[in-house]
Asks: 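This structure is in structure tokens; I'll ask about it shortly.
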Amino acid sequence: MARWSKISSRGNVEDRRSLGPVAIGGISLTGVALMFLMNYLNGGTVESGLNEVLNTVLQQQTQTQQVADDTSEFAGEDPYEEFASTVLGSNNEAWLNEFDEMDEFYEEPRLVLFRQSTQSACGVASSQVGPHYCPADKTIYLDETFFDELTSRFGAQGGDVAQAYVISHEVGHHVQNLLGDLGRLSLGDNETSVAIELQADCYAGVWANSLIDDDVFEPGEIREAMDAAAAVGDDRIQEKIQGYSNPETFTHGSSEEREAWFTKGYDTGEAEVCDTI
Ligand SMILES: [Zn+2]
């Protein structure tokens, strides 16, 4: 465990985990996936590489409400909510400084914790697409049970630092949104998509660098984050799904690229080096 208690800042986290999934009426899961595809094409960013796998998993489950009747585990600020808020708060601090240097205004993002599905300004946010950022409401949507999937399906080591990396990658998309770079996704080509994703990885590295002086990470813990970055590379995901990878269809970058850009941000701590676009 990293020493999160060394961080005093907190981000804006809303806990919807006890609410249960939103009613999606008669729309099938395919319909939901289609809606996400539309959001994606309209400039929303989803971690779409995981979509197919998670879709399969979801199809094996019934759509009955899975949230436990006993919602007391989410009452008050539970440990996960505190963790997410701390990671978000430390991102805010890092980006407030970076934006000050750029003479830009940094608006803090929100983070919604949910189970299965919830309403977002980009449509229904569903667990099946993994953690994602909706630019329309400047909010990160996270069902943290996704991380069990990351470990069991993609062989990521898991752990708190890996999860913090994923949240910070999503904050990276928020930064791109504020700086006007996310709009370029509407171009829709894979090359632009990869550039956007690798830049978000690099931004996550810049965040990790900002915590070095506070001695938050144990030696070797940054490795967890790099493993997580590599585990969600398009090549690894495609190999798991279809047995081979096709670089022309990459939308997030290869494992090697994702790790390399995270490292570049981490080594320098400078947002300017994240010039993937
Ligand atoms: Zn992303």
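Both backbone and side-chain heavy atoms feed into the values below; hydrogens, waters and symmetry mates do not. Whatever order the structure lists them in is the order used to number ligands and atoms, beginning at 1.
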Asks: Under 3.5 Å, side chain of Arg16 to main-chain N/O of Gln119, donor-acceptor pair present?
Replies: yes
Asks: With Tyr80, which residues qualify under ring-ring contact (aromatic ring centres under 6.0 Å, His included), at least two apart?
Replies: Phe83
Asks: With respect to the Zn ion (ligand 1), what is the nearest N, O or S atom of Glu197?
Replies: OE1
Asks: Which angle, to 10 degrees, forms at the Zn ion (ligand 1) with NE2 of His169 on one side and NE2 of His173 on the other?
Replies: 100°
Asks: Tell me if a side-chain donor or acceptor on Glu170 pairs with a main-chain N or O of Ile140 at a distance below 3.5 Å.
Replies: no
Asks: Quick check: does Glu170 put an N/O/S atom under 2.8 Å from the Zn ion (ligand 1)?
Replies: no
Asks: Gln199 side chain to Cys274 main-chain N or O, any donor-acceptor pair under 3.5 Å?
Replies: yes
